[in-house]
Number of protein chains: 2
Amino acid sequence: MRAAATPQKRRKILPKAQRRQQLIEATIACIARYGLASTTMHMVTREAGLSVGIANLHFKTKENLLRETLRYVAEEYHKGQIEIMRGSEADNLSDRLTALLNFQLGRGVTQRQKMSVWFAYYGEVGARPVYQKIVSAWDRAAARELEFLFASVIREGGYTDIDPGELAIGYAALIDGLHLALLVTPRELTKQSAKKIGRDFLQRAFPNHI
Amino acid sequence: MRAAATPQKRRKILPKAQRRQQLIEATIACIARYGLASTTMHMVTREAGLSVGIANLHFKTKENLLRETLRYVAEEYHKGQIEIMRGSEADNLSDRLTALLNFQLGRGVTQRQKMSVWFAYYGEVGARPVYQKIVSAWDRAAARELEFLFASVIREGGYTDIDPGELAIGYAALIDGLHLALLVTPRELTKQSAKKIGRDFLQRAFPNHI
DNA sequence: CTAGAATGAATGATCATTCATTCTCAAGTT
DNA sequence: AACTTGAGAATGAATGATCATTCATTCTAG
């Protein structure tokens, strides 16, 4: 007996760029759900609703797909940050700081999925130089931008005894740590509290701005 | 022709506890070097200088070995912290804070190996509830202790407007973030700078103590 | 009509796990 | 002191499962 009505999926041909995007998103979903270690090509292609062979066609190897996925996630996160930090000429520095914090600790479920992926790769960074390169390149770019923003705030506020570079590293570390806490012990920390903690950090450094 | 002088390793029988310890340490070394994903049982047992079957004898499955290894690393790190935070009646609070910072960001190569392992597991936490349980149990214990220490400092220093619980989460997050930065972008951050950043955080919160 | 996108069964490599066999050593025996 | 013995620690070749990758074939759309 045949299974009743498998709607007989019709094969669809799409431009390369679109398929690549589709596969990268399926990879993100799988890593978030099953972990980097146990994500297989079958899972990814099934998630994308495509056949196994497609992966080879667009990415050649699994290693390539994973690398491109990391590149995608890293770029998205850091570009968002950088855009906010640069801001428009109009908005003042206080608002930019607040907007940055809201971006870094905001968003809904999507954000959680991205966080999982993010840390899955961090975990392998020690063993895979390629991952380290991708991540650290973006990290450097974001760090420079943050340092620049902090330097402006320091100048405007006339704060003394603050090194913008060091403070930027500290703030970035705090945000990373809060992400980790939200991922590992979500019961102990709400996104609200996390934001407050980030805000308090900035307030102690820039009391006139926050 | 026979290979010259393989010293013909003599089989040695040791108590269970010792072998388990040996295998856990070999697992740590392998994870740090090759990553959690690509660590195999062959690698671990070769690293330990033993045969493959030994793993089954002492841990039954790979999953068990990995779980016990995480338990071991988590326990070691958090117990060390907690011990310092409790301190002896004698030493004052300022010294305890400094000692804690030195412990968390101190040590040499060993520490780096442990850090790799630590984050390798964090990366899988999203996908493996067991890991989450182990890590979060210890995290909670350390967080309570830190909150208690901070509360003492706040009382002694008469600081107002500081919630010890929130500050503890912030400080712990900062330290985690600094570990991550040391792992991912070691070129951008020395252990010295990391310590200074941690110290600055405490100083802004407790100006009379640091 | 055809270039090339998409498929998925087949292939071969890798790896966790098993278990029949070997070896060790402490307790017992002479 | 020398020898025996058996409980169980340790071994590693063999097994079977999983998975990435391949490629002959099918299908699509301009």
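So you know, we letter chains A, B, ... as the sequences are listed, proteins then strands, and number each from 1.
In this structure, of dC19(D), dC23(C), dA16(C), it is dC19(D) that holds the atom nearest to the side chain of T40(A). The side chain of K12(B) lies closest to dC25(C), out of dA20(D), dG4(C), dC25(C). Listed nucleotides: dA10(D), dA6(C), dT21(D). Nearest to the side chain of T61(A): dT21(D).
For the side chain to side chain contact (heavy atoms under 4.5 Å, CB included) test, residues two or more places apart in sequence or in another chain that qualify with L70(A) are Y121(A), Y131(A), I134(A), V135(A).
Residue K60(B) places none of its side-chain N or O atoms closer than 4.0 Å to OP1 or OP2 of dA16(C). Between R19(A) and dA5(C), a side-chain N or O to OP1/OP2 separation shorter than 4.0 Å is absent.
Per the geometry, CD1 belonging to I13(A) stands 8 Å off P belonging to dA5(C), to the nearest Å. We find that OH of Y34(A) is positioned 12 Å from P of dC19(D), with the value rounded to whole Å. Between the P atom of dC19(D) and the CZ atom of R46(A) lies a distance of 10 Å, rounded to the nearest Å. Residue N64(B) contributes atom CG, which lies 13 Å from atom C1' of dT17(C) at whole-angstrom precision. Atom CG of L14(A) and atom P of dT7(C) are 10 Å apart (whole Å). H42(B) has its NE2 atom 10 Å from the P atom of dG12(D), to the nearest Å. Across the protein-nucleic acid pair, K62(A) atom NZ and dA13(C) atom C1' stand 14 Å apart, rounded to whole Å. Rounded to an integer number of Å, the gap from R11(A) CZ to dC27(D) P is 7 Å.
A heavy atom closer than 4.0 Å to some atom of DNA chain C occurs in S51(A), V52(A), G53(A), I54(A), L57(A), H58(A), these being the qualifying members of residues 51-59 of chain A.
No more than 12 heavy-atom neighbours from other residues, nucleotides or ligands sit within 6.0 angstrom of CZ on F148(B). Within 6.0 Å of CZ in R33(B) there are more than 12 heavy atoms belonging to other residues, nucleotides or ligands.
Judged by distance alone with a 3.5 Å cut-off, no donor-acceptor contact links the side chain of R10(A) to the base of dT28(D).
Within the nucleic acid shown, T39(A) comes within 4.0 Å of sugar-phosphate atoms alone, with no base atom in reach, counting heavy atoms only.
The shortest heavy-atom contact between A29(B) and Q113(B) is CA-NE2, 3.6 Å. Closest approach of S136(A) and T185(B) over heavy atoms only: CB-CG2, 3.4 Å.
Electrostatic pairing of E145(A) and R140(A) does not count as a salt bridge here, judged by no charged N lying under 4.0 Å from a carboxylate O.
For residues 36-75 of chain B, there are no ring pair (Phe, Tyr, Trp, His ring centres under 6.0 Å) pairs, not counting sequence neighbours.
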